[in-house]
Amino acid sequence: MAKVSMKNREFKREKTVAKYAAKRAELKAIIKNPNTSDDDRWNAQMKLQQLPRDASPSRLRNRCQVTGRPHGVLRKFKLSRIKLREAGMRGDVPGNKQNKIQ
């Protein structure tokens with residue numbers, strides 16, 4: 001189990017990314033537009049740098065929804081490899097065959 005503070009920090013980052021997503025997209029569109037003047041592009045870059053660091057989606061970390069484990073998380077299920085295996089053994093994952101030792 002991950003520390004509660006780490007889970008809360010990640011949740012706070014998710015909220016920050018969602019809050020600034022539209023503004024970041026608008027500024028990035030100005031920067032990428034080839035018809036934008038150099039001054040406007042420079043101003044857009046400066047405004048983008050003024051946004052909070054956690055507003056960038058690349059700062060997010062995939063975590064297991066059950067345990068908060070940061071490594072070995074499968075995107076499709078949003079579960080760590082350990083919890084996915086346990087769910088598969090219980091039969092909770094559709095289309096997954098159980099491994100049985102005989």
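- A side-chain donor-acceptor contact under 3.5 Å links Asn43 to the backbone of Asp39.
- Under the side chain to side chain contact (heavy atoms under 4.5 Å, CB included) criterion, Ala2 pairs with Lys7, Arg63, sequence neighbours left out.
- Looking at residues two or more places apart in sequence or on another chain, you find no side-chain hydrogen bond (donor to acceptor under 3.5 Å, both in side chains) involving Arg9.
- Partners of Ile30 under the side chain to side chain contact (heavy atoms under 4.5 Å, CB included) rule, at least two apart in sequence or in another chain, are Thr36, Ala44.
- Heavy atoms only, all atoms of each residue included: Ser80 and Cys64 are closest at N-SG, 3.4 Å.
- Shown here are the side-chain hydrogen bond (donor to acceptor under 3.5 Å, both in side chains) partners of Asp40, two or more places apart in sequence or in another chain: Ser37.
- Qualifying side chain to side chain contact (heavy atoms under 4.5 Å, CB included) partners for Lys3, counting only residues two or more places apart in sequence or in other chains: Ser5, Met6.
- Partners of Asp92 by side-chain hydrogen bond (donor to acceptor under 3.5 Å, both in side chains), not counting sequence neighbours, listed by chain and number: Arg90.
- The other members of the hydrophobic cluster of Leu79, by chain and number, are Val66, Leu74, Phe77, Leu84, Val93 (side-chain heavy atoms under 4.5 Å, ILVMFWY only).
- Cluster partners of Met1 are absent, since no Ile, Leu, Val, Met, Phe, Trp or Tyr has side-chain heavy atoms less than 4.5 Å from it.
- Tracing side-chain contacts under 4.5 Å through hydrophobic residues (I, L, V, M, F, W, Y), one never reaches Val17 starting from Val73; they form parts of separate clusters.
- The list of salt bridge (charged side-chain N to carboxylate O under 4.0 Å, His left out) pairs with a residue in residues 15-31, not counting sequence neighbours, is empty.
- Rounded to the nearest 0.5 Å, atoms CG (Leu60) and CZ (Phe11) are 12.0 Å apart.
- Every pair passing side-chain hydrogen bond (donor to acceptor under 3.5 Å, both in side chains) that includes a residue from residues 44-56 is listed here, sequence neighbours excluded: Arg13-Asp54, Asp54-Arg59, Ser56-Ser58.
- Note on residues 70-83: pairs passing salt bridge (charged side-chain N to carboxylate O under 4.0 Å, His left out), not counting sequence neighbours, are Lys83-Glu86.
- Under the side-chain hydrogen bond (donor to acceptor under 3.5 Å, both in side chains) criterion, Glu14 pairs with no residue, sequence neighbours left out.
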